There are 4 protein chains.
Amino acid sequence: MGKTRKRSAILAVASRLFAEKGYANTPTSEIAREAGVAEGTLYHHFDSKDGIFLSIFNETVDGYIAGVENLIGRGKNGRESLLDLIRHHFDYLRAHEAQFLTILRESPERIGRRKTASSAVRRKKLSRLTGQMTEILERGSADGSLLLRYSARDTAEMLRGILYGTTRHRMLGIIDVPLPRLAEMLTDFCRHALTPPPKGRAERHGGEKH
Amino acid sequence: MGKTRKRSAILAVASRLFAEKGYANTPTSEIAREAGVAEGTLYHHFDSKDGIFLSIFNETVDGYIAGVENLIGRGKNGRESLLDLIRHHFDYLRAHEAQFLTILRESPERIGRRKTASSAVRRKKLSRLTGQMTEILERGSADGSLLLRYSARDTAEMLRGILYGTTRHRMLGIIDVPLPRLAEMLTDFCRHALTPPPKGRAERHGGEKH
Amino acid sequence: MGKTRKRSAILAVASRLFAEKGYANTPTSEIAREAGVAEGTLYHHFDSKDGIFLSIFNETVDGYIAGVENLIGRGKNGRESLLDLIRHHFDYLRAHEAQFLTILRESPERIGRRKTASSAVRRKKLSRLTGQMTEILERGSADGSLLLRYSARDTAEMLRGILYGTTRHRMLGIIDVPLPRLAEMLTDFCRHALTPPPKGRAERHGGEKH
Amino acid sequence: MGKTRKRSAILAVASRLFAEKGYANTPTSEIAREAGVAEGTLYHHFDSKDGIFLSIFNETVDGYIAGVENLIGRGKNGRESLLDLIRHHFDYLRAHEAQFLTILRESPERIGRRKTASSAVRRKKLSRLTGQMTEILERGSADGSLLLRYSARDTAEMLRGILYGTTRHRMLGIIDVPLPRLAEMLTDFCRHALTPPPKGRAERHGGEKH
DNA sequence: AATGAATGAGAATTCATTCAT
DNA sequence: GATGAATGAATTCTCATTCAT
């Protein structure tokens, strides 16, 4: 309890500062000052500045993944699970805004090219996510509630990019659509793009010329 | 010619390095060395390291916007213009990979929160882009070639996020779908999400229960 | 017993680590961890990190000096005492390798220039050693078993340097001669350099031309 | 010329400070201050603090080795070359006191255990020295001017240790014999230990009992 | 006696930028 | 325009030591 109070304070402050100013522009001295601890204390709880980021990443992504796991386990059909996923995405986002922003901002630096031991772990977590989404899409394809025009895997990857990009622009203030509205639009967008035609009517799409 | 050879060399090298290692992890000394100029020379051509990034950003985004302007001017209907836009996006991307990656990586640092004079300029350019997309969507809505379920502006913003996110994940190697395939999928996805129902048939969507 | 078990563990671990990595490169945290005690416990048994070194130094040098005292007390002639001293040196070395290495490595830092209270104590112990060696040489000179060409004091100082340097190079792996062989060589070397000419023959050395 | 003035100043100051207080106890800030340059300037001329030590080591040892090479080339007999070597040792020492002390103090840290690329280079230089001394002893053994009771290599290693140890104790003020006197004593010591018996007289040594 | 979380004064190093040549 | 030596502020990290429990 008391033992981890400072640790949590550090993580909370760091999330906020990283989100606001970026990892590289946030000196450890500022984290310490705002968290009300000595600078050395950071290094009592974390290996390095990078270790602080790593903890934020892990705790946030683990929670996100657990949430998805949970909704998958509910056994709804693919289409409903997909909608649940989008809902979960935006709910979780709200509850962990600073953490999300931090991760959004820093992914290329810390997940991108450089192949380090811990970046491999991070990549793995993220690909776990793609795996979960693939699972949902496959279920929908099997139970007829979703119509995939591409492989489930490819579609899942695209969806991840879509969620990422819209979320990011929204959180960075690059676009103005309010978050709930964005969630609604994306839900709708996916529904239309992935919905099979109502029964009893032929899909006419193939006949189009383009 | 001779006057700008070193300038171009600097920009080319900087784009590559920023893309590979990130802005913050690329010392000016390395840019100078790889470009084959003295470190001081950087400061004859640019105000600062930030100025180098700024030039990459401006030249790249200006070219992109000009391309969109161009395709809008061709006077095709909204739907076709939208497809042209996606095509243009991926074409331009291919031709300016390093520059795009640089911008992708650094936007939050340099465009995000902090309101400086030059970040305002950059934001403006980006919002010009949203304006162009809005224009295309409005045209499609007016000429019946596109069906918007939300305002053209909101839809445009969402589309920008979608393009950004998928492009980024692809370029950072976070997802595996090859670029041309991704372009195809997105084209298809948008077509389904924004296509009006074939004439003579009522849109049944509204009747669904969900 | 139980009272000093942790103290001994600390000294043993510290000797080993100081010998392996050097005093400055051995954090107290590592000593504590390897000794299986808490970091604060170090400070119950010793005043400071320096105090740990001091204890190693004192205990080791005291034992060494006691051994010399002992062999001097046996009342052999000077020559034999000198050979006993060399033997004792290498025997003691073997039994206290880590401690010796620690002292070898750190002497200049902690015994050298800086005149502190405790460094004076240490210097005094070392000069006690020179005193003992001087005593042996004087005895040999008096009883005719050794031939000194310089004052006993000067010769003793030189011998100390000789023992120190060869021992050190050997322990640091700078030279390859095995320890027993080195002991033999030094014994022999001293014997030839300090041996009086066989009785009944004039020392011809003075007549040489060089 | 002017280009290297600051570099030399840094090396001179660093030698002095390392010799006085030890490498680990000399902050780079102090080197910079005393050398009259900015701290960053150190890193313009050297890779790291370690690089400064490395330069001192290399320049000093290279000069020493060149001197030995030189005296070997004079073609004197082994015995005289050995005496020249001792003379050269003490001459060079006088001319590079601070550098020698620095190297004396820091060898274990920087040459000892840890096998790094540059420590291998340093070890190699030092073993070159042993090689040179071996060469001299072999020559003396061949031309009859020296009597070796052990292999030339082993004797050379022992001699190196002897020179090292006595020099070191002298320079650290652990012993009081003045430098010239020490040189004389060592010369004499070696002469007696390695001198063949005058012609026409049998070596009686083997007959002794001990 | 024992613990270990917390401290904070330093340490080495980096790097964008300047300026005399 | 071009150079590159020099700068010094800023940054991350280390670690001996303390002290409340």
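Fair warning: this is a prediction, and the values are worked out from it, not measured in the lab. Values below: every heavy atom of this structure, side chains too, minus hydrogens, waters and symmetry copies. So you know, we letter chains A, B, ... as the sequences are listed, proteins then strands, and number each from 1.
- Using Watson-Crick or G-U wobble geometry with both donor-acceptor distances under 3.5 Å, dT17(E) finds its partner in dA6(F).
- Judged by atom type and distance alone, H44(B) reaches the base of dA2(F) through a side-chain donor-acceptor pair under 3.5 Å.
- With respect to R16(D) and E30(D), no salt bridge is recorded, no charged nitrogen being found less than 4.0 Å from a carboxylate O.
- When the nucleotides dA6(F), dT7(E), dT12(F) are ranked by their closest atom to the side chain of A38(A), dT7(E) comes out on top.
- Between P27(A) and G36(B), the residue whose closest nucleotide on DNA chain F is further toward the 5' end is G36(B).
- Counting to the nearest Å, the P atom of dA2(F) and the CD1 atom of I10(B) are 8 Å from each other.
- Of the side-chain N and O atoms in T28(A), none sit less than 4.0 angstrom from OP1 or OP2 of dT11(F).
- OP1 or OP2 of dA16(E) has not a single side-chain nitrogen or oxygen of S48(B) nearer than 4.0 Å.
- A sub-4.0 Å separation between OP1 or OP2 of dC13(F) and a side-chain N or O of Y43(A) is present.
- Checking dA1(E) for Watson-Crick or G-U wobble geometry (two distances, each under 3.5 Å) identifies no partner in any strand.
- As rounded to whole Å, 10 Å separates atom P of dC13(F) from atom CG of D47(A).
- Partner assigned to dA11(E) is dT12(F), using Watson-Crick or G-U wobble distances below 3.5 angstrom.
- Atom CG of D50(D) is separated from atom P of dA11(E) by 17 Å (rounded to the nearest Å).
- The aromatic rings of F53(B) and Y23(B) lie perpendicular to each other, with more than 60° between the two planes, well past the 30° mark.
- With respect to the salt-bridge test (charged N to carboxylate O, under 4.0 angstrom), the residues K21(D) and E34(D) do not qualify.
- Within 6.0 Å of CG in N58(A) there are more than 12 heavy atoms belonging to other residues, nucleotides or ligands.
- K6(B) has a side-chain polar atom (N or O) that falls below the 4.0 Å cut-off from OP1 or OP2 of dT3(F).
- Of the candidate nucleotides dC13(F), dA16(F), dT13(E), dA16(F) has the atom lying nearest to any side-chain atom of K49(C).
- In this entry the distance linking NE2 of H45(A) with C1' of dC13(F) reads 16 Å, nearest Å.
- Straight-line distance from the CD atom of E30(D) to the C1' atom of dG10(E): 13 Å, rounded to whole Å.
- Judged by closest nucleotide on DNA chain E, L42(C) is the one of G40(D) and L42(C) placed further toward the 5' end.
- Spacing between atom CZ of F18(B) and atom C1' of dC15(E) amounts to 13 Å, rounded to whole angstrom units.
- Nucleotides of DNA chain E nearest to V37(C) and E39(D) differ in position, and the one nearer the 5' end is that of V37(C).
- Close to dC15(F), at under 4.0 Å from its OP1 or OP2, lies no side-chain N or O of S29(C).
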Let me see the working for T28(B) and Y43(B) under side chain to side chain contact (heavy atoms under 4.5 Å, CB included), right down to the final yes or no.
-> CA-CA 10 Å; T28(B) 51; Y43(B) 291 84; 4.0 Å; yes
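- Remark: the backbone N or O of H44(D) is not paired with any side-chain donor or acceptor of T41(D) at under 3.5 angstrom.
- Between N25(A) atom CG and dA9(F) atom P the separation is 20 Å, expressed in whole Å.
- The nearest whole Å value for the distance from the NZ atom in K21(A) to the C1' atom in dA10(F) is 12 Å.
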